[in-house]
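Sharing a structure below in structure tokens format, with a few things to ask.
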Protein chains: 2
Amino acid sequence: MATIKFSKTKKVSKGDLLLSVGDTTLYAYKVESGCLRSYVIDNAGKEHILQFAPEDWIIGDMGSYTNGDPSTIFIDALEESEVSFISAADFRDFHSLEKELLVEMSIKLRNNVIAANKRIISLLSATAEERYISFTQTYPTLVQRLPLKLIASYIGITPEYLSDLRRKMAKK
Amino acid sequence: MATIKFSKTKKVSKGDLLLSVGDTTLYAYKVESGCLRSYVIDNAGKEHILQFAPEDWIIGDMGSYTNGDPSTIFIDALEESEVSFISAADFRDFHSLEKELLVEMSIKLRNNVIAANKRIISLLSATAEERYISFTQTYPTLVQRLPLKLIASYIGITPEYLSDLRRKMAKK
DNA sequence: GCCATTTCTTAAGCTATCTTAATTTTTCTT
DNA sequence: AAGAAAAATTAAGATAGCTTAAGAAATGGC
């Protein structure tokens, strides 16, 4: 099967910032090993995690790639990682992609839509505890690998409250 | 420009249910006029609106179309509407689509990803008042057309609280 | 192996948002 | 236009989840 053509890989260290809000040189990243995340910082200075990207995931700011605007998100490395690059143009001009690549891209986009919708439903209708349980079931390996405060940020609660929840859940 | 091939249109009345949870006969809908919505019902019996689909939007349960599972959402008409149908197969087997159609589909999927991510960030980081203001700016026509309680459901708050917010905002 | 840094825990008080319920207003039906 | 149904408002009391702050535990660098 044809596959999206990526640059050769590059090693990045834990904490390295690969994309900042305002950046105009835009790439998406495919994670070969390790784990990246994308996040935003709100008016109150708080971080909110949009996506974790462990091995084999693609991460980037689709909105910016599409319309050419500066990035609205940050991307950094949560672990030592190896990544390859995909140019923004591949998201902007679907016509220029070969059909095979376009099919592959469509599948990734479709999966992204499905995952995003699930998360929206979860944020709209589930309690913090339910969202945490659901996270542990959906991403069991990430629960092991990532610090609690990042998981709290992803499910939309404070680390203190997640710590509380864990204790209450353990008591049952 | 080529366009995804839809069936001829059909009129539906306000309140008509086009898709139910558990349905296995699956179509997505393109709205020619009027407005549809998709929603889920949680354990406590409460509705949560996933999407509004006014003129020219496509609405459906991508997850089910993809893997052939029964629908996980409801879709109904919020107004007298005219819709055309698109078969689930078109989401499932991208290979069989002509390239032009695939490009069009990819663009719709990409826009869907962008919109979904915006909504996730909003749910994670904005207060109810901020989400309401943002909704009125993003969908000014829907604010006119739809009852308050549906907007409340979409932004993830109760109608009573949205009513409160409106009053407080008016006082300023 | 030690010190610094980061992460996690705990707890008390606080606030945004919800629940319930009753009333009013608007919209729909005939 | 009247009556019924749906939507919106208001208000009081409840609660999930937040804030702050301080201490404990774990991790990482040298």
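Chain identifiers are assigned alphabetically (A, B, ...) following the order of the sequence lines, protein sequences preceding nucleic acid strands; residue numbering begins at 1 within each chain. None of the values given here were measured: they were computed from a predicted structure.
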I'd like a table of donor-acceptor pairs (distance under 3.5 Å, sequence neighbours excluded) in which one partner is a side-chain atom from residues 11-23 of chain A, with atom names and distances.
residue: A/D16; atom: OD2; partner: A/S13; partner atom: N; Å: 2.9
residue: A/D23; atom: OD2; partner: A/S20; partner atom: N; Å: 2.9

Whole Å only: how far is the CG atom of B/L150 from the P atom of D/dA6? 14 Å

Which pairs pass salt bridge (charged side-chain N to carboxylate O under 4.0 Å, His left out) with one or both residues in residues 148-163 of chain B, sequence neighbours excluded? none

Set of side-chain hydrogen bond (donor to acceptor under 3.5 Å, both in side chains) partners for A/T9, sequence neighbours left out: A/E82

Measuring to OP1 and OP2 of D/dT9, would you say a side-chain N or O of B/R167 lies under 4.0 angstrom away? no

Parallel, tilted or perpendicular: which one describes the rings of B/Y27 and B/F85, with boundaries at 30° and 60°? perpendicular

Quick one: B/L123 CG to D/dG17 P, roughly how many Å, whole number? 14 Å

Is there a side-chain contact between B/M105 and A/F94 in this structure, where contact means two heavy atoms from C-beta onward sitting under 4.5 Å apart? no

Any side-chain heavy-atom pair of A/L150 and A/F52 under 4.5 Å: yes

Ring pair (Phe, Tyr, Trp, His ring centres under 6.0 Å) with A/Y161: which residues, sequence neighbours excluded? none

Pull out every protein N or O sitting under 3.5 Å from an N or O of nucleotides 18-25 of chain D, one pair per line with the distance.
residue: D/dC18; atom: OP2; partner: A/T158; partner atom: N; Å: 3.3
residue: D/dC18; atom: OP2; partner: A/T158; partner atom: OG1; Å: 3.4
residue: D/dT19; atom: OP1; partner: A/K46; partner atom: NZ; Å: 2.7
residue: D/dT19; atom: OP2; partner: A/K46; partner atom: NZ; Å: 3.3

Of all pairs that satisfy side chain to side chain donor-acceptor pair (under 3.5 Å), the ones with a partner from residues 33-47 of chain A, not counting sequence neighbours: A/R37-A/E47, A/R37-A/D76, A/D42-A/H48

Which residues share a salt bridge (charged side-chain N to carboxylate O under 4.0 Å, His left out) with B/R145, sequence neighbours left out: B/E55, B/E79

Within this structure, what is the NZ-to-C1' distance between B/K168 and D/dT10, rounded to whole angstrom? 11 Å

Answer yes if the ring centres of A/Y154 and A/F135 are under 6.0 angstrom apart, and no otherwise. yes

What residues form a side-chain hydrogen bond (donor to acceptor under 3.5 Å, both in side chains) with A/S71, not counting sequence neighbours? none

Axis-to-axis angle across the helix from C/dG1-D/dC30 to C/dT30-D/dA1, five pairs an end, to 10 degrees? 70°

In this structure, how many angstroms lie between the C1' atom of D/dA26 and the NZ atom of A/K149, rounded? 14 Å

Report the residues that fulfil salt bridge (charged side-chain N to carboxylate O under 4.0 Å, His left out) with B/D164, sequence neighbours left out, ordered by chain and then residue number. B/R167

Would you grab the first and last nucleotide of DNA chain C (5' to 3') that comes under 4.0 Å of any non-hydrogen atom in chain B? C/dA16 to C/dC28

Pull out every residue in residues 131-143 of chain B that has a heavy atom closer than 4.0 Å to any atom of DNA chain D, ordered by number, or say none. none

Heavy-atom closest pair, residues B/I155 and B/L123: O-CD2, 3.9 Å

